[in-house]
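The following block contains the structure, expressed as structure tokens.
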There are 2 protein chains.
Amino acid sequence: MANIYTHPDLDELDILTVLRALADPVRLDIVRHLHSLGEASCSTLLASRPKSSMSHHFQVLRAGGILHTRIEGVTHRNTLRLEELEKRFPGLMTAILAASGP
Amino acid sequence: MANIYTHPDLDELDILTVLRALADPVRLDIVRHLHSLGEASCSTLLASRPKSSMSHHFQVLRAGGILHTRIEGVTHRNTLRLEELEKRFPGLMTAILAASGP
DNA sequence: TCTATAGTTCCATATATATCGAACTATAGA
DNA sequence: TCTATAGTTCGATATATATGGAACTATAGA
């Protein structure tokens with residue numbers, strides 16, 4: 001297991017990568033939950049899905065600069081990189097998090 | 001050929017559909033070009049790609065509420081639905097259009 | 001009515017992405 | 001050192017999406 005994660009520098013991320021990370025129902029769900037919870041472990045967020053699936057989605061979100069994973073003992077704490085995202089893509093996350101269903 | 005298009009009511013569109021429409025390099029390109037041109041025909045925007053491919057992308061963007069197609073004689077004029085999108089998802093398109101490369 | 005142009009639709013194929021079980025790793029605690 | 005827990009990695013399969021050729025349609029203009 002990788003006991004260290006690489007979090008991309010947001011300056012090197014293009015909007016397309018960010019949008020692709022967000023354009024998935026499971027991941028959008030993760031993002032919304034993380035937003036309301038502030039910080040959460042992976043297992044808190046696996047909605048009866050296999051761990052391997054969730055691990056994949058977390059990886060995509062991490063690579064897309066959306067969240068930061070901090071290892072604390074045996075659990076991994078995830079937080080949205082809201083401030084950094086706001087600096088890089090002003091208004092983007094605000095707009096997405098504010099959006100409610102149809 | 002359908003000589004009439006159905007443009008979805010933005011109130012019935014969820015953010016996921018919008019994000020998925022935008023999370024593609026070709027379509028993001030179309031959106032950016034449309035933004036700088038104001039209005040453009042499909043053929044103006046087909047960057048040496050087959051018409052069938054572009055037609056598909058325009059369809060996705062249309063279904064995602066991103067653009068409006070108006071038929072004028074033999075050409076189809078496309079415009080971004082910026083005002084409506086701004087009302088439905090405030091700040092979203094502004095953020096995406098403002099984003100520059102990495 | 002013939003032709004050219006703009007764009008769509010259909011269909012098959014390619015490609016990317018998601019899903020998920022099984023085996024693995026890393027840490028905490030008994 | 002043994003066990004339980006949290007999460008990753010691998011690999012195989014399923015599913016969605018993109019691509020693009022060919023045939024089609026609709027309109028304008030000669």
Side-chain angles (χ1 to χ4, degrees), chain A residues 1-8 13-14 16-31 33-34 37 39-79, chain B residues 1-8 13-14 16-31 33-34 37 39-79:
Chain A
M1 174 161 52
N3 57 355
I4 184 90
Y5 292 111
T6 48
H7 294 95
L13 267 191
D14 56 324
L16 183 59
T17 306
V18 174
L19 288 175
R20 289 221 271 201
L22 293 167
D24 176 276
V26 178
R27 292 196 289 269
L28 209 50
D29 226 53
I30 293 175
V31 168
H33 279 279
L34 263 184
L37 294 172
E39 188 180 57
S41 65
C42 300
S43 59
T44 304
L45 298 166
L46 44 84
S48 75
R49 264 163 226 281
K51 294 194 292 178
S52 51
S53 271
M54 293 308 271
S55 195
H56 161 69
H57 287 301
F58 277 103
Q59 208 166 277
V60 174
L61 286 170
R62 221 176 280 126
I66 311 297
L67 57 79
H68 181 271
T69 308
R70 177 173 61 87
I71 299 179
E72 197 179 288
V74 83
T75 77
H76 296 197
R77 307 281 181 171
N78 301 284
T79 44
Chain B
M1 172 161 55
N3 58 354
I4 185 91
Y5 293 110
T6 48
H7 294 95
L13 267 190
D14 56 325
L16 183 61
T17 306
V18 173
L19 288 175
R20 289 221 270 203
L22 293 167
D24 176 277
V26 178
R27 292 196 289 267
L28 209 50
D29 226 52
I30 292 176
V31 167
H33 279 279
L34 263 186
L37 295 173
E39 188 179 58
S41 64
C42 300
S43 61
T44 304
L45 298 165
L46 43 84
S48 73
R49 265 164 226 280
K51 292 195 291 176
S52 51
S53 272
M54 294 309 269
S55 194
H56 162 69
H57 287 302
F58 276 103
Q59 207 165 277
V60 174
L61 286 170
R62 221 176 280 127
I66 311 298
L67 57 80
H68 181 272
T69 309
R70 176 172 63 87
I71 299 180
E72 197 179 290
V74 82
T75 77
H76 297 197
R77 307 280 180 171
N78 301 285
T79 43

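For the numbers below, each heavy atom of this structure counts, side chains included, while hydrogens, waters and symmetry mates do not. Every chain is numbered from 1, with letters handed out A, B, ... down the list of sequences.
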According to a strict under-4.0 Å criterion, is A:Tyr5 in side-chain N/O contact with OP1 or OP2 of D:dG7?
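Looking at the OP1 and OP2 atoms of D:dG7, neither is under 4.0 Å from any side-chain N or O of A:Tyr5.
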Name all residues meeting the side-chain contact (heavy atoms from CB on, under 4.5 Å) criterion together with A:Ser52; count only those two or more places apart in sequence or in a different chain, and write none if there are none.
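Residues passing side-chain contact (heavy atoms from CB on, under 4.5 Å) with A:Ser52: A:Pro50.
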Counting Watson-Crick and G-U wobble pairs with both distances under 3.5 Å, what is the dot-bracket string for DNA chain C, 5' to 3', using [ ] for crossing pairs and | for pairs to another strand?
||||||||||||||||||||||||||||||
Answer yes or no: does a side-chain N or O of A:Ser52 lie under 4.0 Å from OP1 or OP2 of D:dG7?
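No, no such contact exists.
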Can you tell me how far C1' of C:dA18 sits from CG of A:Asp29, to the nearest Å?
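About 16 Å, once rounded to whole Å.
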Rounded interatomic separation in angstrom, taking CD1 from B:Ile71 and P from C:dG7
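Taking CD1 of B:Ile71 and P of C:dG7, I get 10 Å after rounding.
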Whole-Å distance separating the CG atom of B:Leu16 from the P atom of C:dT17:
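Distance, rounded to whole Å: 16 Å.
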Residue list, ring-ring contact (aromatic ring centres under 6.0 Å, His included) with B:His56, at least two apart or on another chain:
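Counting only residues at least two positions away or on another chain, B:His56 forms no ring-ring contact (aromatic ring centres under 6.0 Å, His included).
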Once you round it to whole Å, what is the distance between P of C:dA26 and CD of A:Glu72?
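In whole Å, C:dA26 P lies 19 Å from A:Glu72 CD.
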Listing request: all side-chain hydrogen bond (donor to acceptor under 3.5 Å, both in side chains) pairs with a residue in residues 19-31 of chain A, at least two apart in sequence or in separate chains.
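Those involving residues 19-31 of chain A are A:Arg27-A:His57.
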Any side-chain heavy-atom pair from A:Met54 and A:Lys51 closer than 4.5 angstrom?
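They are not in contact (no side-chain heavy atoms under 4.5 Å apart), so the answer is no.
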Residues two or more places apart in sequence or in another chain: which of them pass salt bridge (Lys or Arg N to Asp or Glu O under 4.0 Å) with B:Arg77?
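Only B:Glu72 meet the salt bridge (Lys or Arg N to Asp or Glu O under 4.0 Å) criterion with B:Arg77.
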Counterpart residues, side-chain hydrogen bond (donor to acceptor under 3.5 Å, both in side chains), relative to A:Thr17 (two or more places apart):
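Counting only residues at least two positions away or on another chain, A:Thr17 forms a side-chain hydrogen bond (donor to acceptor under 3.5 Å, both in side chains) with A:Asp14.
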Can you name the nearest heavy-atom pair linking B:Leu13 to B:Pro8, along with the distance?
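Taking B:Leu13 first and B:Pro8 second, the nearest heavy atoms are CD1-CG, 4.2 Å.
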Does A:Lys51 or A:Asp24 map to a spot on DNA chain C nearer the 5' end, using the closest nucleotide for each?
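The residue mapped nearer the 5' terminus is A:Asp24.
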Is there a side-chain polar atom (N or O) of A:Arg27 under 4.0 Å from OP1 or OP2 of C:dA18?
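For C:dA18, OP1/OP2 do have a side-chain N/O of A:Arg27 under 4.0 Å.
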Length of the CD1-C1' vector between B:Ile30 and D:dT19, whole Å
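Distance check: B:Ile30 CD1 to D:dT19 C1' gives 14 Å.
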Can you tell me the distance, in whole Å, between the CG atom of B:Asn78 and the C1' atom of C:dA6?
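Distance, rounded to whole Å: 12 Å.
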Can you tell me how far P of D:dA6 sits from CZ of A:Arg70, to the nearest Å?
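Value for this atom pair: 16 Å.
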So if I take residues 53-69 of chain A and measure heavy-atom distances to DNA chain D, which residues fall below 4.0 Å?
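Heavy-atom contacts with DNA chain D come from A:Ser55, A:Gln59, A:Arg62.
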With respect to the phosphate group of C:dT17, does any side-chain polar atom (N or O) of A:Arg20 fall under 4.0 Å of OP1 or OP2?
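Yes, A:Arg20 has a side-chain N/O under 4.0 Å of OP1/OP2 on C:dT17.
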Go nucleotide by nucleotide along DNA chain C from the 5' end; which of B:Thr44 and A:Pro50 gets its closest nucleotide reached first?
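Of the two residues, B:Thr44 wins.
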Among residues at least two apart in sequence or on other chains, which ones pass side-chain contact (heavy atoms from CB on, under 4.5 Å) with B:Leu45?
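In terms of side-chain contact (heavy atoms from CB on, under 4.5 Å), with neighbours along the sequence ignored, B:Leu45 is linked to B:Ile30, B:His33, B:Leu34, B:Leu37, B:Ala40, B:Phe58.
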Can you sort out the partners of B:His68 under ring-ring contact (aromatic ring centres under 6.0 Å, His included), two or more places apart, ordered by chain and number?
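Expected list: B:His7.
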Counting side-chain heavy atoms from CB outward, which of D:dG7, C:dT19, C:dT27 is closest to A:Arg49?
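Nearest to the side-chain atoms of A:Arg49, counting from C-beta on, is C:dT19.
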OP1 or OP2 of C:dA6 sitting under 4.0 Å from any side-chain N/O of B:Arg77?
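Checking B:Arg77 against C:dA6: no side-chain N or O falls below 4.0 Å of OP1 or OP2.
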Which heavy atom of A:Gly64 sits nearest a heavy atom of A:Ala21, and at what distance?
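Shortest heavy-atom separation between A:Gly64 and A:Ala21 comes out as CA-CB, 4.2 Å.
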